[in-house]
Colleague: 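Okay, here's the structure, questions in a sec.
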2 protein chains.
Amino acid sequence: MAKIKARLNGTKKDAIIQSAAALFRHKGFKASSMRELAEEIGVEAPSLYNHIGSKSELLQGICFKIAADFTQHLQSVENSGNSVIHKLEQLIRFHIRIMLQEYNEVYVANHEWKHLEEPFLADFLNQRKSYEKRITQLIKDGISKKEVKNIHPHVAVLTILSAVRGIEFWQRHKTAISTKELEENMVDHLLNGLTI
Amino acid sequence: MAKIKARLNGTKKDAIIQSAAALFRHKGFKASSMRELAEEIGVEAPSLYNHIGSKSELLQGICFKIAADFTQHLQSVENSGNSVIHKLEQLIRFHIRIMLQEYNEVYVANHEWKHLEEPFLADFLNQRKSYEKRITQLIKDGISKKEVKNIHPHVAVLTILSAVRGIEFWQRHKTAISTKELEENMVDHLLNGLTI
DNA sequence: TAGAAAAACTAATATCCGTTAGTTTTGTAA
DNA sequence: TTACAAAACTAACGGATATTAGTTTTTCTA
């Protein structure tokens with residue numbers, strides 16, 4: 001029987017990908033070896049290849065899974081009939097939650113995508129670009145509806161997406177503040193600013 | 001005579017560090033080889049060792065140079081007698097400027113520090129922590145002086161520092177917007193928010 | 001319980017890496 | 001021009017890497 005334990009739901013391949021995400025997050029993709037990954041799972045390195053195709057494939061699995069999650073959520077936000085500010089709030093909250101929930105995967109997608117090989121690299125970057133573009137359009141709509149101040153839309157998107165990525169740092173202080181408090185404060189800051 | 005050209009001001013070692021920063025930024029530290037670095041400079045790999053001690057030393061040079069720049073600037077801001085909001089503005093503007101000015105070095109310090117070896121890794125992380133802590137204290141002061149809204153100070157610092165790091169992405173669109181416009185918009189967004 | 005399929009193992013390979021040793025070339029100063 | 005020092009070169013080493021081939025063990029199914 002396989003020594004590689006599948007999580008209660010999911011294949012062994014999924015279990016490997018999950019371990020890989022943790023390892024890649026901790027050491028970086030290039031600095032992570034298949035031998036290390038195998039050891040963490042309790043198996044010899046070549047045994048991994050009964051379940052996966054290659055090391056690169058692991059990175060691809062992680063990056064495209066996360067990209068799909070974000071794209072799908074954006075789609076549903078766009079389709080909701082809410083105000084622009086409310087849509088932005090939904091997006092910010094989703095980013096924060098998925099960052100806390102699937103920390104390793106999101107971190108890897110954010111930091112290690114450059115080690116994707118073509119044509120996956122180009123595909124990934126296109127998806128990112130399209131995601132940014134759609135949020136930029138959202139802000140433009142907000143400006144023309146006078147819901148949002150007349151700010152440079154692309155700069156605003158950049159500011160929001162980057163700020164939200166910073167939740168990565170929060171993993172260290174997880175106990176010091178609740179998810180809810182973190183969410184409320186960051187949403188308030190990004191939408192309403194710091195001044196009284 | 002040396003084929004390695006020193007920049008008009010600076011030693012050959014400095015020229016190597018500068019090339020290393022560009023290479024590490026583009027491919028990541030672990031994925032960058034000394035042979036690649038040498039080729040970019042127009043020399044064989046072993047020749048580099050007439051000027052530098054090791055690959056690790058290059059990363060150290062980059063990371064600690066940037067850390068020192070930020071710490072020094074924070075010191076001067078703390079010593080200025082300005083209001084808290086103005087101090088925050090100064091910090092944000094400095095981050096944006098140095099990010100645009102020393103892009104490669106800042107990027108590497110932000111993304112590749114985890115490949116520092118001990119005791120340098122611990123030293124670097126301590127400096128980061130201290131930097132964050134001092135800005136957190138700044139915001140606390142602002143709150144008690146009623147200059148800043150009653151927000152969670154650590155979350156605010158996180159939001160600002162992360163947002164500002166996102167200028168990295170801006171290198172791609174450099175022509176589309178001026179530094180000044182970028183600065184004004186981001187400062188306005190982070191201090192005053194998005195709503196009208 | 002027998003046979004098939006899945007998944008583990010060992011051994012090995014070719015490649016790449018940072019770095020050292022030893023030598024030769026180049027530039028500088030007398 | 002000669003001697004010294006700086007910095008280039010070639011060759012090579014020891015170690016790590018992802019992956020393959022071939023074999024044995026384990027597990028599932030009938």
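A note on names: the letters A, B, ... follow the listed sequences, proteins ahead of strands, and every chain is numbered from 1.
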Colleague: Grab the CG-P distance between B:N50 and C:dA21 for me, whole Å please.
Modeller: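 About 13 Å, once rounded to whole Å.
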Colleague: Given atom CD1 of A:I41 and atom C1' of C:dA7, what is their separation to the nearest angstrom?
Modeller: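 Going from CD1 in A:I41 over to C1' in C:dA7 covers 13 Å.
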Colleague: Could you give the CG-to-P distance, from B:L37 to C:dC16, as a whole number of Å?
Modeller: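 From B:L37 CG to C:dC16 P: 18 Å.
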Colleague: In whole angstroms, how far is the C1' atom of C:dG18 from the CG atom of B:L58?
Modeller: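 In whole Å, C:dG18 C1' lies 12 Å from B:L58 CG.
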Colleague: A:I52 CD1 to C:dA6 P: how many Å, rounded?
Modeller: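 Distance, rounded to whole Å: 18 Å.
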Colleague: Without decimals, in angstroms, what is the distance between B:L48 CG and C:dC17 P?
Modeller: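 Going from CG in B:L48 over to P in C:dC17 covers 14 Å.
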Colleague: For C:dA6, take OP1 and OP2 only and decide whether either is under 4.0 Å from a side-chain N or O of A:H51.
Modeller: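 No, outside the criterion.
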Colleague: Measuring from B:K27:NZ to B:E36:CD, what's the distance to the nearest 0.5 Å?
Modeller: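 Going from the NZ atom of B:K27 to the CD atom of B:E36 covers 3.5 Å.
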Colleague: Might you list the N or O atoms of the protein lying below 3.5 Å from N or O atoms in nucleotides 15-19 of chain D, with each pair's distance?
Modeller:
from, atom 1, to, atom 2, distance (Å)
D:dA18, OP1, A:S32, O, 3.2
D:dA18, OP1, A:M34, N, 3.3
D:dA18, OP1, A:K55, NZ, 3.1
D:dA18, OP2, A:M34, N, 2.9
D:dA18, N7, A:R35, NH1, 3.1
D:dA18, N6, A:R35, NH2, 3.3
D:dT19, OP2, A:Y49, OH, 2.3
D:dT19, OP2, A:K55, N, 3.0
D:dT19, O5', A:Y49, OH, 3.3

Colleague: Angle class for the A:F124/A:W113 ring planes (parallel below 30°, perpendicular above 60°, tilted otherwise)?
Modeller: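 Parallel, since the angle between the ring planes stays under 30°.
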Colleague: Which pairs of donor and acceptor atoms, one on a side chain in residues 67-75 of chain B, lie under 3.5 Å apart (sequence neighbours left out)?
Modeller:
from, atom 1, to, atom 2, distance (Å)
B:D69, OD2, B:K65, NZ, 3.2
B:T71, OG1, B:A67, O, 3.0

Colleague: Could you tell me whether the phosphate oxygens of C:dC9, OP1 or OP2, come under 4.0 Å of any side-chain nitrogen or oxygen in A:S47?
Modeller: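 Yes, A:S47 has a side-chain N/O under 4.0 Å of OP1/OP2 on C:dC9.
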Colleague: Between B:E183 and B:R97, does the salt bridge (charged side-chain N to carboxylate O under 4.0 Å, His left out) criterion hold? Intermediate values first, please.
Modeller: CA-CA 8 Å; B:E183 239 184 79; B:R97 281 182 192 157; 2.9 Å; yes
Colleague: Just how far is it from atom CD1 of B:I177 to atom NE2 of A:H154, taken to the nearest 0.5 Å?
Modeller: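 Between atom CD1 of B:I177 and atom NE2 of A:H154 there are 9.0 Å.
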Colleague: Going by the rule ring-ring contact (aromatic ring centres under 6.0 Å, His included), which residues pair with B:H111 if we only count those two or more places apart in sequence or in a different chain?
Modeller: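 B:H111: ring-ring contact (aromatic ring centres under 6.0 Å, His included) contacts with A:H111, B:Y107.
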